[in-house]
Number of protein chains: 2
Amino acid sequence: MIDAVRLADASKRAWCLTQKVTRKRRATLRDVAQAAEVSVATVSRVLNAPATVSPITRERVEGAIDNLRFMRSPAARAINSGRTRAVAALVPTLDHAIFARFLGAMETRLGELGLSLLVATTGGDPDLEERKAWGLVEIGAEGLIVSGVSHSTGLDRLADRHDLPIVATSFFDPDATMPTIGYDNRAVARTALDHLTALGHRRIGVIHGPLEGNDRTQARLDALKASSDRAQLSFHAGDLGVGGGCRATAAALALPDRPTALLCLSDVIALGAMFELQRAGLGIPGDMSVIGIDDLSWSKHSAPGLTSVSLPVSEMGAEAAAALASWIETQERPDHRILSHLLVPRGSTGPPSGV
Amino acid sequence: MIDAVRLADASKRAWCLTQKVTRKRRATLRDVAQAAEVSVATVSRVLNAPATVSPITRERVEGAIDNLRFMRSPAARAINSGRTRAVAALVPTLDHAIFARFLGAMETRLGELGLSLLVATTGGDPDLEERKAWGLVEIGAEGLIVSGVSHSTGLDRLADRHDLPIVATSFFDPDATMPTIGYDNRAVARTALDHLTALGHRRIGVIHGPLEGNDRTQARLDALKASSDRAQLSFHAGDLGVGGGCRATAAALALPDRPTALLCLSDVIALGAMFELQRAGLGIPGDMSVIGIDDLSWSKHSAPGLTSVSLPVSEMGAEAAAALASWIETQERPDHRILSHLLVPRGSTGPPSGV
DNA sequence: AATCGCAATGTAACTAGTTACAAAGAGTCT
DNA sequence: AGACTCTTTGTAACTAGTTACATTGCGATT
């Protein structure tokens, strides 16, 4: 009854007479104030500083809030606070365990810091990345987290235009224009190679995925090529995913001078390699050693356990979240940060059979 | 020079004299209007309907926009349009390929519809889900997508309070309070069981993950238990992930009356089972058949290829995105929608050895 | 020449909150 | 009793855009 009167009262507002009223109107702070017979300031206080309002008034206001099913407009709050409390992450894909783990850790840390996470996938396309980045900023992202080194220049323009905090991850490069938080991909690849050469391998097949739009793979390959004096390396490219690993491994096995070990640039590829070796009837590590990179959650459970280089992906997600949050909060650009990787030797690597 | 004058002019605004000026001020639409010597309406038109502004004026305004590095405030736009153009998805974890694939498909479709995706993880905890849901709505999510059946009642309150569109996924249930878009988990489990019994298996080990907070697993187990007349079923629970699959499989193998087939409630668990069987020196499918559920991207590449029940996860993500978008747009609640699954027979299943 | 129509632009009122400041009232101290 | 403080509340001006409506001025009809 009372509500009906109030709503009728409210209809003197101009817009109520326009066609704009397609959906039934949501109660505003002014409606609540009217219903509770207090001023808007009092209602605002009930919401933001209940202690400063007398219990009797507070109760009346709370009653009105419930009656009218009032909810604050996020936009109106944001316009006053200047904060949207959301940041965005741009990743090539979610279909890779490594990015999913990264985002998961990031989201958790952001949640602790009172921020929410917008996620967009780019498919590794710098143009799409730029378009989505603009879109995310236009709906209110206060900062961005991107993956990899190579980005369109539009991203720098965006950062410049907005004074927008952007943190780059998955690699470490103190010379990059934006702060980088990640690991040294070249060192990661060398760690894997060192492990194999230390075991005595001299003919090593490097199994990797696509290069386009994937600078991590490129950096790893560069490092390996620079170390090619240490062993005879053959390179085998495959598609994304386990299937690519299978096919590239098949190519390596067909080599006249077959390698004694396979250095896979990711654990997913290594899984494909292991499947392919099993199909070929070759024992691991007896006939062929296999090493991966990533140390995914299943790697320790495979038969045999997959030797891998563990990457600090979760830590990277959490650190990137913290760095971005502090940048937004303090307006102080965070430093670059390098995270260390770790060789995890397991059953899939051993000395070459001839030794 | 000119800019300096304008900024000095602007300082007559009250807040410029307060301490609030910690960060250097961003140009507003009014600053641009002043710089270009036009009205705010004209600037707004240059941004929203450039064709209605004369080229000469437009150019002057665009110049001012560039000079002042002006960017529209997302909050101010949102307050007028009533739209934030963001929706949120709540998933138990990102560490499962199945959720990552789901979210990826959803994000892609949302992008096509001009919406962005907020992602939050709940760890399967209904309380955390509720807290995060409120948080997401408070920063402006226009709709929610949740996974699974069992949610805290707070979620219904939220939906009621805001008239907030919430779509539930990963299961289909026409009786649920919110629209569901998903597959019939009971039928999925029966499809897997049917395949094994049709091959002649009568002793089947069911390998599954944790039950708490996972209604999909529960529904599948219920269906299997209801069909226990068709075969002698033993149930083996393991932790999340490949490791859990390994341990549960080890338990199944230790049974005095060992099963001839393993029905794994996910492909990840099946991978653990395959590893464990390999460790035990048992051949697939010669000594033991293995079937999974999900049909992950690697399943066709394993050795042997993993028979699995393919779930329409990508389709589900895209459909959920479309349904939520249309709900927001039209204010019309979408219908429940069931998506069909499909048995994908591959090398890992065959008749039991005794037959 | 007067009127019409249209394009281009400006004024001011909206969107839904927050908050500085003012004011009123009650209780306490001198 | 008067001055003081403290709590509680209200008024109105902010936040940064959008937009309905009014106005101006020009060229084309009649």
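A note on names: the letters A, B, ... follow the listed sequences, proteins ahead of strands, and every chain is numbered from 1.
Atom CE of M316(A) is separated from atom CD1 of I145(A) by 9.5 Å, given to the nearest 0.5 angstrom. Going from atom NE2 of H336(B) over to atom CD1 of I181(B) covers 9.5 Å, rounded to the nearest 0.5 Å.
Rounded to whole Å, atom C1' of dA13(D) lies 13 Å from atom CZ of R30(B). For I56(A) and dT7(D), the CD1 to C1' distance is 12 Å, given to the nearest whole Å. Taking atom CG on L47(A) and atom P on dA16(C), their separation rounds to 15 Å, with Å as the unit. In this structure, R77(B) places its CZ atom 17 Å from P of dA16(C), rounding to the nearest Å. Protein atom CZ of R60(B) is 13 Å distant from nucleotide atom C1' of dG10(C), rounded to whole Å. Distance, I79(B) CD1 to dT15(D) C1': 8 Å, rounded to whole Å. In this entry the distance linking CG of D31(B) with C1' of dA16(D) reads 10 Å, nearest Å. For R83(B) and dG17(D), the CZ to P distance is 20 Å, given to the nearest whole Å.
Between R85(A) and E142(A) there is no salt bridge, since no side-chain N of the basic residue sits under 4.0 Å from a carboxylate O of the acidic one. Ion pairing between a basic and an acidic side chain is recognised when a charged N comes within 4.0 Å of a carboxylate O; R69(B) and D160(A) show such pairing. A salt bridge between R161(A) and D66(B) is present, with a side-chain N of the basic residue lying under 4.0 Å from a carboxylate O of the acidic one. Taking the charged nitrogens against the carboxylate oxygens, R60(B) and E37(B) have no contact shorter than 4.0 Å, which rules out a salt bridge. Comment: K132(B) does not engage E138(B) in a salt bridge, judged by the lack of any side-chain N to carboxylate O separation of less than 4.0 angstrom.
For the pair R333(B) and P179(B), the minimum side-chain heavy-atom distance is below 4.5 Å. Taking 4.5 Å as the limit, every side-chain heavy atom of L68(A) sits out of range of all side-chain heavy atoms of Q34(A).
L324(B) pairs in a side-chain contact (heavy atoms from CB on, under 4.5 Å) with only one of the listed residues (L144(B), V167(B), L113(B)), which is V167(B).
Contact check, T57(B) against dA8(C): no side-chain N or O comes under 4.0 Å of OP1 or OP2. The phosphate of dT9(C) (OP1 or OP2) has no side-chain N or O of T42(B) nearer than 4.0 angstrom. A close approach under 4.0 Å does occur between a side-chain nitrogen or oxygen of N48(B) and OP1 or OP2 of dT18(D). Between R72(A) and dT18(C) there is a side-chain polar atom (N or O) within less than 4.0 angstrom of OP1 or OP2. The side chain of S54(A) places an N or O atom within less than 4.0 Å of a non-bridging phosphate oxygen (OP1 or OP2) of dT9(D). Put simply, S44(A) has no side-chain N or O that comes within less than 4.0 Å of OP1 or OP2 on dG17(C). For dG10(D), one of the phosphate oxygens OP1 or OP2 lies less than 4.0 angstrom from a side-chain nitrogen or oxygen of S39(A).
Within the helix from dA1(C)-dT30(D) to dT30(C)-dA1(D), the inter-axis angle between the opening and closing five-pair segments is 60°, rounded to 10°.
V40(A) comes within 4.0 angstrom of a base, heavy atoms only.
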Where do N or O atoms of nucleotides 21-24 of chain D meet protein N or O atoms at under 3.5 Å, pair by pair?
none

